[in-house]
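Notes to accompany the following structure.
Chain letters run A, B, ... following the sequence lines, proteins first, then strands; residues in each count from 1. Scope of the values below: all heavy atoms of this structure, side chains included, with no hydrogens, waters or symmetry mates.
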Amino acid sequence: MSDFFNDVYEVVMLIPKGRVTSYGAIAKYLGSAQSSRLVGYAMNAAHTHSKKIPAHRVVNRNGVLTGKHHFPSQNYMQLKLEKEGIKVVKDQIVDFKILFWDPVKEISL
DNA sequence: AATGTGACATACC
DNA sequence: TGGTATGCCACAT
(Lines give C-alpha, C1' and ligand atoms only; values in the text may rest on other atoms or scores of the structure.)
Protein backbone atom coordinates (compact mmCIF):
# COMPACT_ATOMS: atom_id res chain seq x y z
CA MET A 1 0.00 0.00 0.00
CA SER A 2 2.99 2.24 0.00
CA ASP A 3 3.00 2.37 -3.73
CA PHE A 4 2.70 5.83 -5.09
CA PHE A 5 0.77 4.51 -8.03
CA ASN A 6 -1.63 2.66 -5.82
CA ASP A 7 -2.50 5.88 -4.03
CA VAL A 8 -3.02 7.60 -7.33
CA TYR A 9 -5.36 4.89 -8.51
CA GLU A 10 -7.25 5.01 -5.26
CA VAL A 11 -7.82 8.73 -5.52
CA VAL A 12 -8.80 8.50 -9.17
CA MET A 13 -11.31 5.79 -8.36
CA LEU A 14 -12.76 8.01 -5.66
CA ILE A 15 -13.60 10.71 -8.17
CA PRO A 16 -17.38 11.11 -8.13
CA LYS A 17 -19.22 10.46 -11.34
CA GLY A 18 -19.66 13.59 -13.37
CA ARG A 19 -16.67 15.22 -11.77
CA VAL A 20 -13.09 15.68 -12.88
CA THR A 21 -9.77 16.51 -11.32
CA SER A 22 -6.29 17.40 -12.37
CA TYR A 23 -3.00 15.57 -12.16
CA GLY A 24 -1.57 18.33 -10.06
CA ALA A 25 -4.42 18.11 -7.55
CA ILE A 26 -3.84 14.41 -7.11
CA ALA A 27 -0.13 14.94 -6.80
CA LYS A 28 -0.73 17.60 -4.21
CA TYR A 29 -3.06 15.36 -2.28
CA LEU A 30 -0.42 12.67 -2.25
CA GLY A 31 2.02 15.19 -0.88
CA SER A 32 4.04 15.46 -4.05
CA ALA A 33 2.69 18.56 -5.68
CA GLN A 34 5.82 18.77 -7.78
CA SER A 35 5.42 15.27 -8.99
CA SER A 36 2.35 15.86 -11.07
CA ARG A 37 4.14 14.03 -13.84
CA LEU A 38 4.16 10.91 -11.76
CA VAL A 39 0.36 11.02 -11.70
CA GLY A 40 0.24 11.03 -15.45
CA TYR A 41 2.87 8.37 -15.47
CA ALA A 42 0.73 6.36 -13.13
CA MET A 43 -2.15 6.64 -15.53
CA ASN A 44 0.11 5.42 -18.25
CA ALA A 45 0.90 2.40 -16.16
CA ALA A 46 -2.71 2.09 -15.03
CA HIS A 47 -3.51 -0.24 -17.88
CA THR A 48 -0.82 -2.57 -16.67
CA HIS A 49 -2.82 -3.04 -13.51
CA SER A 50 -5.96 -5.08 -13.22
CA LYS A 51 -7.94 -2.32 -11.58
CA LYS A 52 -10.29 -0.12 -13.50
CA ILE A 53 -8.98 3.41 -13.47
CA PRO A 54 -11.40 6.11 -14.67
CA ALA A 55 -8.53 8.04 -16.12
CA HIS A 56 -10.99 9.88 -18.32
CA ARG A 57 -11.90 11.90 -15.24
CA VAL A 58 -8.37 13.12 -14.89
CA VAL A 59 -7.22 16.00 -17.03
CA ASN A 60 -4.50 18.58 -16.86
CA ARG A 61 -4.77 21.88 -15.04
CA ASN A 62 -6.37 23.53 -18.06
CA GLY A 63 -9.16 20.99 -18.15
CA VAL A 64 -7.88 19.73 -21.46
CA LEU A 65 -8.02 16.08 -22.39
CA THR A 66 -4.32 15.90 -23.00
CA GLY A 67 -4.13 12.18 -22.47
CA LYS A 68 -6.93 11.14 -24.75
CA HIS A 69 -4.37 9.79 -27.17
CA HIS A 70 -3.59 7.06 -24.70
CA PHE A 71 -7.10 5.66 -24.61
CA PRO A 72 -8.34 2.82 -26.80
CA SER A 73 -9.96 5.45 -28.95
CA GLN A 74 -9.29 9.14 -29.09
CA ASN A 75 -13.01 9.67 -28.68
CA TYR A 76 -13.31 7.33 -25.75
CA MET A 77 -12.30 9.89 -23.17
CA GLN A 78 -14.59 12.66 -24.33
CA LEU A 79 -17.36 10.20 -24.98
CA LYS A 80 -17.11 8.84 -21.49
CA LEU A 81 -17.11 12.31 -19.98
CA GLU A 82 -20.12 13.44 -21.97
CA LYS A 83 -21.88 10.30 -20.92
CA GLU A 84 -21.46 11.41 -17.34
CA GLY A 85 -22.89 14.81 -18.09
CA ILE A 86 -19.65 16.62 -18.63
CA LYS A 87 -19.55 18.88 -21.65
CA VAL A 88 -16.40 18.79 -23.70
CA VAL A 89 -15.61 21.21 -26.48
CA LYS A 90 -12.41 21.13 -28.47
CA ASP A 91 -11.02 18.54 -26.07
CA GLN A 92 -11.59 20.98 -23.27
CA ILE A 93 -13.98 20.52 -20.36
CA VAL A 94 -16.68 23.17 -20.10
CA ASP A 95 -17.02 24.74 -16.65
CA PHE A 96 -13.98 22.83 -15.64
CA LYS A 97 -13.49 24.77 -12.44
CA ILE A 98 -17.10 24.06 -11.50
CA LEU A 99 -16.82 20.36 -12.18
CA PHE A 100 -13.38 20.27 -10.65
CA TRP A 101 -13.13 17.81 -7.79
CA ASP A 102 -10.27 18.59 -5.47
CA PRO A 103 -9.25 15.53 -3.44
CA VAL A 104 -7.45 17.78 -1.00
CA LYS A 105 -10.70 19.50 -0.11
CA GLU A 106 -13.06 16.58 -0.61
CA ILE A 107 -11.08 13.79 0.96
CA SER A 108 -8.68 15.53 3.28
CA LEU A 109 -10.12 15.11 6.72
C1' DA B 1 23.08 0.31 -10.33
C1' DA B 2 22.43 3.68 -13.77
C1' DT B 3 19.90 5.85 -17.38
C1' DG B 4 15.70 6.97 -19.61
C1' DT B 5 10.95 8.21 -19.40
C1' DG B 6 6.50 10.95 -19.00
C1' DA B 7 -1.40 11.44 -19.80
C1' DC B 8 2.14 17.91 -15.81
C1' DA B 9 3.18 22.51 -14.38
C1' DT B 10 5.66 26.63 -14.58
C1' DA B 11 8.82 29.95 -16.60
C1' DC B 12 10.85 32.17 -20.29
C1' DC B 13 11.66 33.68 -25.09
C1' DT C 1 -0.38 33.89 -28.09
C1' DG C 2 2.34 29.98 -28.40
C1' DG C 3 6.23 27.20 -28.77
C1' DT C 4 10.40 25.84 -26.26
C1' DA C 5 12.93 24.77 -22.05
C1' DT C 6 13.47 23.06 -17.44
C1' DG C 7 12.19 20.95 -12.86
C1' DC C 8 10.36 17.15 -10.74
C1' DC C 9 10.49 12.18 -9.01
C1' DA C 10 8.83 7.37 -9.00
C1' DC C 11 8.68 3.59 -12.29
C1' DA C 12 10.56 0.74 -16.31
C1' DT C 13 14.36 -1.39 -18.62
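- The heavy-atom pair separating A/Ile107 from A/Trp101 by the smallest distance is CD1-CH2, 3.5 Å.
- Residue A/Ala45 comes nearest to A/Phe5 through the heavy atom pair CB-CE2, 3.3 Å, listed as atom of the first residue, atom of the second, then distance.
- Rounded to whole Å, atom P of B/dA9 lies 8 Å from atom CZ of A/Phe96.
- Residue contacts for A/Ala55: at a heavy-atom cut-off of 4.0 Å it reaches a base atom on one of the strands shown.
- Across the protein-nucleic acid pair, A/Arg61 atom CZ and B/dA9 atom P stand 8 Å apart, rounded to whole Å.
- Here the side chain of A/Leu38 is nearest to one of B/dG6, C/dC11, B/dC8, namely B/dG6.
- In this model, no side-chain donor or acceptor of A/Arg37 finds a partner on the base of C/dC9 within 3.5 Å.
- Contact annotation: side chain of A/Tyr41 to base of C/dA10, donor-acceptor pair absent below 3.5 Å.
- In the hydrophobic clustering of ILVMFWY residues, with side-chain heavy atoms under 4.5 Å counting as a link, A/Val104 and A/Phe4 come out together.
- Counting to the nearest Å, the C1' atom of B/dG6 and the NZ atom of A/Lys68 are 19 Å from each other.
- One interatomic measurement links the two molecules: CZ of A/Phe4 to P of B/dG6, which rounds to 17 Å at whole-angstrom precision.
- Between the side chain of A/Ser22 and the backbone N or O of A/Ala25 there is at least one donor-acceptor pair closer than 3.5 Å.
- Nearest approach of A/Met43 to A/Ile53, heavy atoms of both residues: CE-CG2, 3.8 Å.
- Atom P of nucleotide B/dA7 and atom CG of A/Leu81 are separated by 18 Å, given to the nearest angstrom.
- Looking at which nucleotide of DNA chain C each of A/Ser35 and A/Ala45 is closest to, the 5′-most match is held by A/Ser35.
- For the pair A/His70 NE2 and B/dA7 P, the interatomic distance rounds to 4 Å; values are reported in whole Å.
- Within 4.0 Å of A/Asn44, counting heavy atoms only, lies at least one base atom of the nucleic acid.
- Contact check, A/Ser32 against C/dA10: no side-chain N or O comes under 4.0 Å of OP1 or OP2.
- Between A/Lys80 atom NZ and B/dA7 atom C1' there is a gap of 17 Å when expressed in whole angstrom units.
- Among the heavy atoms of the strands lying under 4.0 Å from A/Phe71 is at least one base atom, whether or not backbone atoms are also near.
- Rounded to an integer number of Å, the gap from CG of A/Asp7 to P of C/dC9 is 17 Å.
- Of the candidates B/dA9, C/dC8, C/dA10, C/dC8 carries the atom nearest the A/Gln34 side chain, counting heavy atoms from C-beta on.
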